[in-house]
Amino acid sequence: MSDDAPARDFVRDIVEADRASGALEVVTRFPPEPNGYLHIGHVKSAALNFGIAAEYPEGRCYLRFDDTNPTRESEEYVESMKEDLRWLGFSWEGRLTHASDYFEDLFELALRLVRKGKAYVDDQGPEEIRASRGTLIEPGRESPSRQRATEENEDLLLRMRAGEFPEGSMVLRAKIDMASPNLNLRDPVMYRILHRPHQNTGRRWCIYPMYDWAHGQCDYFEGVTHSLCTLEFEDHRALYDWFLAALEVEPRPRQYEFARLNLDYTVLSKRTLIRLVDAGHVDGWDDPRMPTLRGMRRRGYPPAAIREFCRRIGVTRKDSVVEMGSLEHCVRAELDAAAPRAMCVMDPLKLVIVNYPEDREETLSAPNHPRNPEFGRRELPFSREIWIERADFMAEPAPGFFRLAPGREVRLRFAWLVTCIDYLCDDAGEVREVRCTYDPDTRGGSAPDGRKVKGALHWVCAKRSAAAEVRLFDRLFTVADPAASEDLISVLNPESRRVVPNALVEANLAEASPGAFYQFERQGYFCADAVDSAPGLPVFNRIVTLRDTWARRRQARPEPARSRPPGA
RNA sequence: UGGGGUGUAGCCAAGUGGUAAGGCACGGGACUUUGACUCCCGCAUUCCCAGGUUCGAAUCCUGGCACCCCAGCCA
């Protein structure tokens with residue numbers, strides 16, 4: 001699929017314009033904070049940053065871990081992020097950095113600001129600083145420390161670094177404007193004291209730079225030309241520029257903001273995702289229902305589909321919520337081309353072919369892909385008794401139902417045409433068995449007389465099939481905007497995972513290797529779970545359903561014989 | 001109520017003074033050994049609203065309205 005049309009958006013237009021006016025380099029960076037797992041929202045940013053760099057021969061994109069807060073970050077997250085990004089197909093070659101790689105340079109720059117009288121050590125406590133910051137509509141008050149002599153500021157800063165002071169006792173602040181309507185400019189904190197080990201620098205530091213102080217300067221160190229971030233940093237741009245100007249460094253990187261990704265029926269805030277994991281509402285960060293890369297990978301989403309999705313949604317400055325259906329479309333498109341076909345019966349109903357000899361067994365041949373012969377063919381065992389999907393038979397067919405029913409002829413895919421002559425029920429009235437005759441002239445599934453049958457059923461041989469567990473995933477929440485809900489938990493979809501413990505698959509699928517994916521005909525795309533699937537005992541995750549106009553039609557009607565959860 | 005942003009179809013999104021691209025979704029049809037895929041057709045007389053400028057406005061001007069972000073020693 002990966003479409004021909006190159007992405008175009010306002011950021012790329014800016015880059016183009018800069019090139020047109022003589023800029024030689026295009027340097028970007030993807031700067032995640034290693035304090036959690038990457039989710040699809042991050043991919044939008046990664047795709048933008050890595051994508052733009054890849055569009056120019058001399059373009060570069062750094063993978064830079066924004067690790068300025070040792071209280072929240074860990075090596076584990078660094079590793080998981082690298083792995084997830086590699087899986088997605090992004091590469092950074094030698095350009096893997098950390099904000100912490102620049103701590104020493106950053107400190108030099110801070111000293112420079114202090115000497116210029118543009119930064120000072122404030123010994124007010126956190127509460128005092130907060131109280132004197134003012135509000136949205138009232139200016140702040142200047143700290144008494146603001147008048148401190150340059151030499152004393154320098155001395156204090158050195159001693160902060162040396163570890164002479166306890167956490168919270170003082171900070172380094174930029175001297176800007178306590179009355180600015182932009183709160184970010186009211187003497188923002190540059191360094192705080194944290195006697196904590198850092199995932200990258202160990203115990204070398206006990207003062208750590210704040211994001212605003214570190215980020216722009218790191219961009220400068222790396223020669224970043226276009227520093228792309230999300231909309232909530234818009235107000236920070238003035239500060240970003242102020243630091244660079246105060247430092248008088250050149251050339252200066254420029255910050256541009258774009259809207260972050262939102263997806264309906266899920267949440268993309270790290271805080272909320274953590275809550276779901278910690279409270280056990282999902283099995284972990286790699287739960288197939290999670291919008292994390294690990295979740296999507298385990299679910300079976302192809303990385304190319306995720307990239308294509310990011311290309312399609314575009315990049316703008318408008319807050320937006322993209323429909324899950326858009327992502328699913330990309331997943332289906334990718335899988336339709338890439339997935340070999342197979343048959344799986346989830347809710348088995350026995351079908352007996354009365355005119356087929358009891359002791360006969362034979363093998364039928366089926367293509368593994370309807371359009372692509374390169375997928376080869378496979379053999380399907382067949383015998384007098386087979387399993388079909390319970391939903392494919394109706395004793396009293398509803399209007400529009402063209403599958404099996406008394407007197408109806410349908411095709412058993414790649415096998416024969418069969419006609420229902422009878423069915424048996426148990427005491428509860430539940431259909432237990434369907435009896436058919438088959439037409440021996442229709443081997444392979446087509447009639448020599450050219451007669452058409454509308455229905456085609458998937459099936460497995462009763463004698464030779466394999467058991468499998470199938471997990472049917474659906475959207476995590478029942479409402480489009482769960483984050484807006486007063487009680488997130490109450491709005492979780494209780495049917496976001498339904499387990500079918502005793503599904504039946506073609507015998508050859510018993511050994512499906514973890515991660516292998518298939519289209520189960522007429523049902524959806526599935527992949528052998530990488531964790532729970534074992535040889536001889538496969539577990540299949542439903543990646544996404546097939547489009548199903550029949551189900552949609554039934555759902556639209558008031559007579560919901562088998563009701564499905566929203567979005568099923 | 002200070003500052004910064006954003007309003008084009010159900011959801012994304014082009015468009016930058018010359019008469020509303022495209023995708024998803026949806027509806028209809030064709031094809032079909034998957035009710036899939038593919039293909040065709042349809043889907044905004046109107047661009048948040050109201051005035052104004054202009055031969056001509058989604059685009060320019062004025063005034064409103066709605067929504068988002070900002071008061072961490074988080075990023």
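Letters A, B, ... are given to chains in the order of the sequence lines, protein chains preceding strands, and every chain is numbered from 1.
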| query | Can you check the A:Glu234 CD to B:U6 P distance for me, whole Å? | reply | 7 Å

| task | Could you work out the separation of B:A30 and B:C69 based on their P atoms and round it to a whole Å? | result | 49 Å

| query | Between the side-chain atoms of A:Asn182 and the base atoms of B:G4, is any donor-acceptor pair under 3.5 Å? | reply | no

| query | Taking atom P of B:A36 as reference, at what distance in whole Å does atom CZ of A:Arg403 sit? | reply | 11 Å

| query | Ring centroid separation for A:Tyr240 and A:His215, is it under 6.0 angstrom? | reply | no

| message | Please give the distance between the P atoms of B:U59 and B:U16 as a whole number of Å. | response | 12 Å

| query | On a plain distance test, is the side chain of A:Arg371 in donor-acceptor contact with the base of B:U38 below 3.5 Å? | reply | no

| Does A:Lys318 make a side-chain N or O approach to OP1 or OP2 of B:C68 shorter than 4.0 Å? | no

| query | Using atom C1' of each nucleotide, how far apart are B:A57 and B:C48 to the nearest Å? | reply | 16 Å

| Whole-Å distance between B:C12 C1' and A:Arg8 CZ? | 18 Å

| message | Does B:A13 have its OP1 or OP2 closer than 4.0 Å to a side-chain nitrogen or oxygen of A:Thr316? | response | yes

| message | Under 4.0 Å from OP1 or OP2 of B:C74: is there any side-chain N or O of A:Thr71 that close? | response | no

| message | Heavy atoms only, 4.0 Å cut-off, all strands: where does A:Thr549 land among base, sugar-phosphate and nothing? | response | sugar-phosphate

| query | So what does A:Leu136 hit on the nucleic acid, given a heavy-atom distance under 4.0 Å: a base, only sugar-phosphate, or nothing? | reply | base

| Can you tell me how far P of B:G4 sits from CD1 of A:Ile137, to the nearest Å? | 16 Å

| If the C1' atom of B:G22 is compared with that of B:C61, how far apart are they to the nearest Å? | 32 Å

| request: In whole angstrom, give the distance that lies between atom CG of A:Asp481 and atom P of B:C67. | output: 15 Å

| Do the ring centers of A:Phe540 and A:Phe520 come within less than 6.0 Å of each other? | yes

| With a 3.5 Å cut-off and just heavy-atom distances, do the side chain of A:Glu323 and the base of B:G10 make a donor-acceptor pair? | yes

| On a whole-Å scale, what distance lies between the P atoms belonging to B:G15 and B:G2? | 33 Å

| For B:C65, what is the paired nucleotide under Watson-Crick or G-U wobble rules, both distances under 3.5 Å? | B:G7

| message | Just N and O in the side chain of A:Arg522: are any of them under 4.0 Å from OP1 or OP2 of B:U33? | response | no

| Within the pair A:Arg192 and B:A75, is there a side-chain N or O less than 4.0 Å away from OP1 or OP2? | yes

| Taking syn as any angle within 90 degrees of 0 and anti as the rest, which one fits B:G10? | anti

| query | So, is A:Arg547 close to the B:C37 phosphate, meaning a side-chain N or O under 4.0 Å from OP1 or OP2? | reply | yes

| Under a 3.5 Å cut-off for both distances, is B:U45 Watson-Crick or wobble paired, and to whom? | none

| task | Hey, can you tell me if A:Phe233 and A:His236 have their rings parallel, tilted or perpendicular (30° and 60° cut-offs)? | result | perpendicular

| query | Side chains of A:Tyr37 and A:Glu76: is there a donor and an acceptor less than 3.5 Å apart? | reply | yes

| query | Are the side chain of A:Glu167 and the backbone N or O of A:His195 linked by a donor-acceptor pair below 3.5 Å? | reply | yes

| said: Output the rounded distance in Å from CZ (A:Phe402) to P (B:U33). | reply: 13 Å

| What is the base-pairing partner of B:U38, counting Watson-Crick and G-U wobble geometry with both distances under 3.5 Å? | B:A30

| request: Using a cut-off of strictly less than 4.0 Å, decide whether A:Arg341 has a side-chain nitrogen or oxygen near OP1 or OP2 of B:A36. | output: no

| query | Taking for each residue the nucleotide of RNA chain B with the nearest heavy atom, is it A:Gly444 or A:Val321 whose nucleotide lies nearer the 5' end? | reply | A:Val321

| With distance as the sole criterion, is a donor-acceptor pair present between the side chains of A:Gln199 and A:Tyr77 under 3.5 Å? | no

| According to the 5.5 Å centroid and 30° plane-angle thresholds, does A:Tyr211 stack upon the nucleobase of B:A75? | no

| task | Taking only the side-chain nitrogens and oxygens of A:Thr68, find out if one of them lies under 4.0 Å from OP1 or OP2 of B:A75. | result | yes

| message | Taking only the P atom of each, what is the distance from B:U45 to B:C11 in whole angstrom? | response | 15 Å

| message | Just the rounded figure in Å: distance from P of B:G4 to CG of A:Leu185. | response | 12 Å

| OP1 or OP2 of B:C73 under 4.0 Å from side-chain N/O of A:Arg133 | yes

| query | Under 6.0 Å between the ring centres of A:His329 and A:Phe309? | reply | no

| With no angle test and no hydrogens, is the base of B:U34 tied to the side chain of A:Gln519 by a donor-acceptor pair under 3.5 Å? | yes

| message | With a 4.0 Å cutoff (strictly under), does any side-chain N or O of A:His458 reach OP1 or OP2 of B:U34? | response | no

| query | How long is the line joining CD of A:Glu257 and C1' of B:A75, in whole Å? | reply | 15 Å

| request: Could you tell me whether A:Arg161 sits above the aromatic face of A:Trp205, with NZ or CZ closer than 6.0 angstrom to the six-membered ring centre and within 45 degrees of the axis? | output: yes

